[in-house]
Amino acid sequence: MSKSRYQAPKGTRDIMVPESNRISSVLKVFEDTLNSGGYGQIISPLFEEIGVFQRIGGSSEVVTKEMFDFYDKDPKSPQHLALRPELTASICRAFAQHRPVTPWKVWYQGPQFRYEKPQAGRYRQFLQVGAELLGTPDPHADIEIIAIASNFFRKIGLSGIKLLLNSLGDANSRKSYNKALVEYFASNQEDLSEQSQETMLKNPLRVLDSKRQEDQGVIEGAPLITDFLNSDSVNHFHIVQDGLSLLGIDYELTPRLVRGLDYYTKTTFEFVAPNLDSAQNAVGGGGRYDGLVEALGGPPTEGIGFAIGIERTLMACEAENILDSSVQSLEVFIVDTTGGKEALVLSEELRQIGIRVDRSFDQRSMKAQMKAADRSGAELAIIIGTDELNENQVTLRDLRGEGTQTVLDRQSLSKKLPKILEETRK
RNA sequence: GUGGCCGUAGCUCAGCCUGGUAGAGCCCCUGUUUGUGGUACAGGUGGUCGCGGGUUCAAAUCCCGUCGGUCACCCCA
């Protein structure tokens, strides 16, 4: 395509009609699910001081390379800002700033930005929904968060989503595990890929995440976090597992599940869509981040939450063939061959009483208008030609069935139309 | 950031290997139908072949660059 000089920036796109409808309906389901759990919506800024995001971890590429950042125009002390690459950090910043009463339960929805090379299910601007529960160490919070996320998937009709579960332990458990991992990887360094050797220095946990063939042998023999959890962490993890079983939520223990952001502690989880054959089959994920609020200058506060990628969720829906395009279709299409004034007045009259109606412009021929009426998906065509205009009448034509026509008094149309529409649906 | 493939009408694509100044289907518009859609038939609109440069008498076709898309790695939702 050549003629248009401008196009949507790399990794962004215009989401149009069938898909935009699907997105709104998915968002609606999410909103309902979260409201039913006592979570309130938070709408935070699309950008923050860059430091807010840098707190989430220096070994994460999301923070080191993938941020869209810029300076504002203040000539004296321009602020270094960044488009949000994720929302948990913003939420924790908001918590630290406002100190709400705990437990603080919020949900959010909106675009995030990551400067990455686009790929299937990966965009530079993408939509996430999520929820955070701040201010309690109670493992029941972990369970609730996971349950709510799986509720969401169930409600939109996805049945193949798998829940992967792990515990990274608290800071202490993690420290000793880290040590063991470093030792192990160091002694097997020559069998690791070059990349992984680098990763090892920055964040040994992340090496477990490598998909490189050459790393797999080493990874398989690596020590497991499970063996390094202290009693508090083990306890916490057991309660979470018991609770999930109690609620009938299936999960798969994945001791090597490591999430991308550095701030996670204890419970971590990921929702994957196995029937997505793309490399991006993680549709959502989350975990506990007990030190994050404090790192952002707030009081020591526990937190747990999840985020779900909408684009990937929709891809999963497509793979499961449950794409729902339940858009409210038009009820009436007005065909006016007398110049368009009637269509103008009548469409306004009907819209005011809540009927979904469209019309043609440009004074097109009756045939063309009928064609447009047909394609509009409307149930009824209201035809106004010179005959009707003179007689003060309108002709109703059924567009779904045989095309039966009835003539009606123009004056009584608004009153009778709702009932007539009801009849035609039978 | 690294690598593979791709970029021709609004959409899906053929043509490119073996250079000779553009094609199909769908969509859209008009007509067959002197007020009436959904089927059928006939006709029509629409493209500086992503952009820039090079080779050549001649480039959609070959070469280089660039932008965009896509897939994998990396990373992540």
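Quick note: numbers below take in every heavy atom, side chains included, and nothing from hydrogens, waters or symmetry partners. Chain identifiers are assigned alphabetically (A, B, ...) following the order of the sequence lines, protein sequences preceding nucleic acid strands; residue numbering begins at 1 within each chain.
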B:U61 and B:U48: how far apart are their P atoms, nearest whole angstrom?
-> 16 Å
Shortest side-chain distance from A:K117, nucleotide among B:G69, B:G3, B:G37 | B:G3
Whether A:W104 and A:F95 hold their rings parallel, tilted or perpendicular, with breakpoints at 30° and 60° | tilted
Closest to side chain of A:K10, choosing from B:G35, B:A77, B:G68 | B:G68
Compare side-chain N and O positions of A:R364 against OP1 and OP2 of B:C29 and report whether any pair is under 4.0 Å apart.
-> yes
Shortest side-chain distance from A:E116, nucleotide among B:A77, B:G35, B:G37 | B:A77
B:G43 - base-pair partner by Watson-Crick or wobble geometry, distances under 3.5 Å | B:C29
Between A:F68 and A:Y115, how do the two ring planes meet: parallel, tilted or perpendicular, split at 30° and 60°?
-> perpendicular
With distance as the sole criterion, is a donor-acceptor pair present between the side chains of A:T337 and A:Q369 under 3.5 Å?
-> no
What nucleotide among B:C76, B:C75, B:C29 has an atom nearest to a side-chain atom of A:R375?
-> B:C29
Does any N or O donor sit under 3.5 Å from an N or O acceptor when you compare the side chain of A:R122 with the base of B:A77?
-> no
Check whether any side-chain N or O of A:K367 sits under 4.0 Å from OP1 or OP2 of B:G35, and answer yes or no.
-> no
